[in-house]
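Remember, it's 1-based here, ligands and their atoms both numbered in the order they're listed.
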Amino acid sequence: MKISIVGTGYMGLATGVGFASKKNHVICMDIDKKRLDKIEGGKSPVYETGLQDLLERVVEKKNLEVSSDLDYAVKNSDVSFICVPTPSKRNGSSDLKFIDKVSRNLGSSLAKKDSYHVVVVKSTVPPRTTEKLVIPNLEEFSGKKAGENFGVCMNPEFLREGSALDDFLNPDRIVIGELDKRSGDVLVELYANFNAPIIRTGLKVAEMIKYASNAFLASKISFANEIGNVCKSLGIDVYEVMMGVGLDHRISPHFLRAGVGFGGSCFSKDLKALVNKSKTIGYDPVYLEEALNLNERQPVRIVNLLRKRVGTLRGRNICILGLAFKPNTDDVRDASSIRVVKELLKFGAKIKAHDPKSMDNFKELFPGLLYCKTAREALRDSDACLVLTEWEDFKNLEDKDFSVMKNRIIIEGRKALNPNKVKDFEGVCW
Ligand code: UDX
C-alpha cells in the first residue's frame, strides 16, 4: 500500500520505517527540511534501537522517500497517518495546535485529489478530538464529506521508546477506530500481515483505549512505588515482593519495577490530559491525580535519603549516573533525573553527571553541570552517587570503579547495579 506519514518524530519515523519494511511504499512528510535531508540520506535523526539499520535498508530499496510537500504526499499515497506531537499546555490539557493545523492542511490537499483517501490519526488525542476537530477541519478545507469522499480512522500507537520498532512490528494488539467500515477495511488490509489481534472500534473508543492504557501503566508504577516506600521502611526488598505479586496472571509481572518514578514524553502528559478532560466534564479523577502526585514525590524521596546520609548538600560533589528517562534512548523529556537535579541544585550541591547517550540533550536543560565521558570520571572525588537510569553499562560497574569516590555513598533510583560486583549500596525503595 502507499502510505504518507505526516510528522517524523520518534513515533512517526518508527511507523514509517516499519511500514516500509513490510513492503509498503512510504512518504515521510515533515516541515523540518534538515530532518528530511537526514532521513533521505538514510541517517536516523533520533537514536532508536534498530532504526538506523532498517532506515538505511528501506531508503536503499526505495521503499521510503521524503517530501516537505503535503499535496505530493497525499496525491501519491492511499493513507495518511497524522503523527504530530500533542504536548501538554500549562493547565495539563492537550495542546492540539499541530493536529488542528495538519488536519486543515490535509483537507486542502484532499481537495486536490480525486480518488478515495483515508486519514488516520495516530497522535494521542483526547476522546472526541477526531470527531470534533479533525473531521470538521478535513471537511471544511476539502469541501468533501467524511465517510463518503474520504475515510477517517483513529489508530493509536503503543510504542515504547528504545523498542519502538520492535513494538511496531510485534504489537500486542492493533486498535482500529473507524468512522465507517470502508475506512476501517483499508487499515485492516494494511495490517493484514501483522501477527496480532485487531480490535475494531469507534473513533472515540480508540482514543480512550490509548489514554486508559497509559493511565493504567503509569498507575501500576506508582502503585509499585508506593508499596516500595512502605517496604523500604520495613527492610523489605520490593522487587522480591513484586516477583511474588506479578506471578498472579491477573496482575502480570510487567511495570511493577519500583524506583525514582516514571518519566518520558507520554505517561505524565497523557495522565494530565486525561485528568484535565475528566475535570472539564465535571468528574474529579482523584486516583489518577494521586498516581501523578506520587510520581512527583519519588525524586524528592531519593534526595531526602541522600541528605540523611550526607548531611548538608551545599558544596558537596554529587555524581549522577544516568540522565535518560530510561535505558537505550537519548531522550530526557520529563526524566526523573530533571526533578532530582532541580532538587539537588536547590540544596546547593555540585553535580557531575554521566550518561552513555543523553548528555547533549540534558546539557540543553542544565548547561552548568559538569558532564563526564565515563562513569569513573563522574565518580572521581564525589561525596555520593545517585544511579538514575538502569543502563547496561552500569550493571558492569565494579567496586574498583566506585573506589575513586571521596565518600562511598551510593543510592540507586533504579535496579541498576550488580550486587555481586558492587557492595554497600541502597535503593530508593529497597
Ligand atoms: C510509554 C508506553 O509504554 C507506550 O505504550 C506509549 O505509547 C508511550 O509511553 P515510553 O514512555 O517509551 O512508553 O516508556 P516505558 O517503557 O513505558 O517507560 C516509561 C517510564 O516508566 C520510564 O521512565 C521507565 O523507567 C518507567 N518505568 C517503567 C518504571 O519506573 N517502572 C516500570 O516497571 C516500568
Regarding K352 and the six-membered ring of Y371, is the cationic atom NZ or CZ under 6.0 Å from the ring centre and inside 45° of its axis? no

Can you confirm whether or not the ring centre of F194 sits under 6.0 Å from the ring centre of F168? yes

Please name all residues satisfying salt bridge (Lys or Arg N to Asp or Glu O under 4.0 Å) with E343, sequence neighbours left out, ordered by chain then number. K346

Evaluate whether atom NZ of K220 has more than 12 neighbouring non-hydrogen atoms of other residues, nucleotides or ligands under 6.0 angstrom away. yes

Does either side chain, that of K210 or that of T124, offer a donor lying less than 3.5 Å from an acceptor on the other one? yes

Strictly under 6.0 Å, is that where the ring centroids of F255 and F262 end up? no

As a test of reading the model: which residues have a non-hydrogen atom less than 4.0 Å away from ligand 1? E157, F158, L159, R160, E161, K210, N214, I221, F255, L256, R257, F262, G263, C266, F267, F325, K326, R414

